[in-house]
Amino acid sequence: MTINQIIENNIVKGLNELFGAEATGNQVALQKTKKEFEGDFTFVVFPWLRVSKKSPQITAQLLGDYLVQHTPEISSYNVIQGFLNLVVDNTYFTQFLCHNCQNIEFGFPEQTAPKNIVIEYSSPNTNKPLHLGHIRNNLLGWSVAEILKANHHHVTKVNLVNDRGIHICKSMLAWKKWGNGETPESAGMKGDHLIGKYYVMFDQAYKKELEQLQQSGMTNEEAIAHSSLMNEAHRMLQMWEEGDVETRHLWEKLNSWTYQGFSATYQRLGIDFDDTLYESKTYLLGKQLVETGLEKSVFYRKEDGSVWADLTADGLDEKLLLRSDGTSVYMTQDLGTAVMRHDKYHADMMIYVVGNEQEYHFDVLKLVLKKLGYEWANSIYHLSYGMVELPCGKMKSREGTVVDADDLMEEMYETAYKMGCSLSKLDTMKADEATCLCNMVGLAALKYFILKVDPKKKMLFVPEESVDFNGNTGPFIQYTHARIQSLLRKAENQKIEIKKVEHCAMLDKERDILKLLHQCPEVVQQAAENMSPAVIANYLYDVAKEFNQFYQDIPILRETDVEKISFRLQISLFTACVLKKGMALLGIQVPDRM
RNA sequence: GGUCCCAUAGUUCAACGGAUAGAACGAAAGUUUCCUAAACUUUAAAUACAGGUUCGAUUCCUGUUGGGAUCACCA
């Protein structure tokens, strides 16, 4: 049981015994005491004045006396207005430090109901390279998966590759027409970038064609209908669906180039998956489900042969499920994917990390699944995150207003390198060590910048300006860790042993940082409940900041009292552990020197 | 037009209905004979507007204004 729970239980007992309140546990919530007041936990008594029938001051005093008497961990209290501030005994914190400093399980909260969770993220299209939007998606998905694991859930990370459809045919057609057999090797390009080049090429040629057709007197619609390029692409899609050998062969070849490119990007980003699924393998199941729904009269067929779900009774619109030519749409595929995924993993919860622009899509998906009789539709959770916007607005691949993932990571590395040089941090390092460090620092800056923001909120990215290396940033936390490691190395060189100190007079700064470290498990738990790595990121910043103040104000190795040195080293060691573990949940590595 | 989301210092982000709304960047001023100055200290600076609920509202409700998303035989 955590100390919060112990105190809360005693508050419930106190309220009942003193005032006959008939209170229960979930009505009582403890909060952290604000910094400017004395105390560690605060209980607000205002809501209980009705049952105590006494003034706020008296009510709080009575309860305070009761708690000090019945809770060994609480040494004293004070009352300000209706706020009862409870002071935890110093010994509690010194013992907490002794018991958890070397505990590798520390930070992972207790879990009474572990779940089977499948989390999907990334979900790229194979016709273009990954960009900043994918980076947010990947980092969020990966980090949330780690956070859920830290809360003892069984997590499967899956990537659903959108490997088929008209968009893929566009790059295939462009490569076939104008590629002259170009390969990633011959072009000296990453495979995904090469394919992306042809995708853009198609779009440019298509636009030019439309312009010419319009100049020759056609309306916009007529031009679209008469575009030979688009018609060719559609023919290619049909051939693909019919299983034409040559088309399939081309498709496989170009996709394999993209996968090689993706794989390199994922690796550099530090992202991985337990399983990869392909839409080309699930869309047929979706079609079957639609047929079943037709038989059950859950869906209906229009005169032109298209199949629809009528969701107007539920406040949504009518939704197309099969085109009049019988081919499937996005929703059809997703229905198949959902059923397949549920059957394959026996999931209690299926998380989809997908942008908030698709909220409507997921509302529809859940509703249609329910109409088909799948009760588990409620276990689908759309982890809906905000878009990353540029100063010029939304990112659009075809218009070239994207921040490419590979370029961005390279820029981060270069910035870290320049910075390292100007601070003379790299002077004493070997070349490969410096490279490794700059990669670590550059990535940390990028990842932290993205993950510290609440996932639900959209965020603004200003190239050359957004990603900082000072202040509330990844490198700041890395620096704090490196500083502690340096301290510990020095201690080892001086043959100083870190002994367990069970009782020790404490300075305010020491107490502050211990109190903060003590909160780690509940922070990890809260991050899981909110599915928000930002909770962890902001906590780690607080820890690092608190430690730097401690480090600045209080001598550690320069102290003369052996007990105090030991105690402070132990605090430092523990801080380093929490920083390292926490950063690992964000997918950020921490160096031992920088 | 229908539905949904958002609005906090100059800027980017915080704040389970609780106390004097926190940080960072940027601006101004300081701290290195001493454990890493990628650090620390100090100053100035914000809840879009109007109502309501509450002992108490940045947070909940209603309206106004301003942004964004979505409602495709696109994915």
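The chains referred to below are lettered A, B, ... by the order of the sequence lines, with proteins before strands, and numbering in each begins at 1.
If you check every strand for non-hydrogen atoms under 4.0 Å, A:D542 touches nothing. Within 4.0 Å of A:P56, counting heavy atoms only, lies no atom of the nucleic acid at all. Within 4.0 Å of A:I477, counting heavy atoms only, lies no atom of the nucleic acid at all. Base engagement by A:A29 is indicated by at least one non-hydrogen atom pair under 4.0 Å involving a base atom. Note on A:N85: a base of the nucleic acid sits closer than 4.0 angstrom, heavy atoms only. A:V44 comes within contact range of at least one nucleobase, with a heavy-atom separation under 4.0 Å.
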Show your working on salt bridge (Lys or Arg N to Asp or Glu O under 4.0 Å) between A:R323 and A:D325 and close with a plain yes or no. CA-CA 5 Å; A:R323 295 190 186 103; A:D325 65 2; 5.2 Å; no

Apply salt bridge (Lys or Arg N to Asp or Glu O under 4.0 Å) to A:K128 and A:D192, showing your working. CA-CA 6 Å; A:K128 53 182 183 237; A:D192 51 339; over 6 Å; no

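The separation of B:A14 from B:U59, taken at their C1' atoms, amounts to 13 Å, rounded to a whole angstrom. Separating the C1' atom of B:C49 from that of B:U3 is a span of 24 Å, rounded to the nearest Å. The separation of B:U11 from B:A45, taken at their P atoms, amounts to 16 Å, rounded to a whole angstrom. B:A15 sits 8 Å from B:U58 when the C1' atoms are compared, rounded to a whole Å. Spacing of C1' atoms, B:U8 relative to B:G22, comes out at 11 Å, to the nearest Å. When the P atom is used for both B:G10 and B:C6, the distance is 23 Å, rounded to whole Å. As rounded to the nearest Å, B:A9 and B:A28 have C1' atoms that lie 16 Å from one another. B:G66 and B:U53: their P atoms are spaced 28 Å apart (whole Å).
Of the two residues contacting RNA chain B, namely A:M331 and A:F46, the nearest-nucleotide position lying further toward the 5' end is that of A:F46. With the nearest nucleotide of RNA chain B identified for both A:K34 and A:L322, A:K34 has the one nearer the 5' end.
In the set B:A19, B:U70, B:C25, the nucleotide with an atom closest to the side chain of A:D468 is B:C25. Out of B:A19, B:C13, B:C71, the shortest distance to the side chain of A:L460 is found at B:C13.
For A:Y199 and A:H167, the ring centers sit 6.0 Å or farther from each other. In this structure, A:Y352 has its ring center at least 6.0 angstrom away from the ring center of A:Y381.
In this structure, A:E359 atom CD and B:C4 atom C1' are separated by 7 Å, rounded to whole Å. Taking atom CD on A:E389 and atom C1' on B:U12, their separation rounds to 14 Å, with Å as the unit. Between the CD1 atom of A:I166 and the P atom of B:C74 there is a distance of 9 Å, given to the nearest Å. When the C1' atom of B:C71 is taken as reference, atom OH of A:Y330 falls 15 Å away, rounded to whole Å. The nearest whole Å value for the distance from the CD atom in A:Q57 to the P atom in B:A19 is 18 Å. A:Q358 has its CD atom 15 Å from the C1' atom of B:C4, to the nearest Å. As a whole-Å value, the separation of A:L321 CG from B:A72 P is 13 Å. Rounded to an integer number of Å, the gap from CD of A:E357 to P of B:C6 is 17 Å.
Not a single donor-acceptor pair under 3.5 Å links the side chain of A:T332 to the backbone N or O of A:S328. Side chain of A:D592 to main chain of A:A482: no donor-acceptor pair is present (N/O by atom type, distance under 3.5 Å, no hydrogens or angles). At least one donor-acceptor pair closer than 3.5 Å links the side chain of A:T258 to the backbone N or O of A:T126.
Applying the 4.0 Å criterion to OP1 and OP2 of B:A72, one finds that A:K319 has every side-chain N and O outside that range.
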Pairing pattern in dot-bracket form [Watson-Crick, G-U; both distances under 3.5 Å; | = partner strand] for RNA chain B: (((((((..((((....[...)))).(((((.......)))))....(((((..]....))))))))))))....

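Here the SG atom belonging to A:C436 is positioned 8.0 Å from the CD atom belonging to A:E433, to the nearest 0.5 angstrom.
Residues A:S466 and A:L460 come closest through the heavy atom pair OG-O, 3.8 Å. Residues A:N138 and A:S122 come closest through the heavy atom pair OD1-OG, 2.7 Å.
Anti is the glycosidic conformation of B:U36, whose angle departs from 0 by more than 90°.
For the pair A:K319 and A:W308, the cation-pi criterion (under 6.0 Å, within 45° of the ring axis) is not fulfilled. Annotation: cation-pi geometry not satisfied between A:R164 and A:Y278 (NZ/CZ under 6.0 angstrom from ring centroid, within 45° of ring axis).
Judged by distance alone with a 3.5 Å cut-off, no donor-acceptor contact links the side chain of A:N127 to the base of B:A75.
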At under 4.0 Å between heavy atoms, how does the protein contact nucleotides 35-41 of chain B? Give one character per nucleotide, 5' to 3', with B, S or -. BBSBSSS

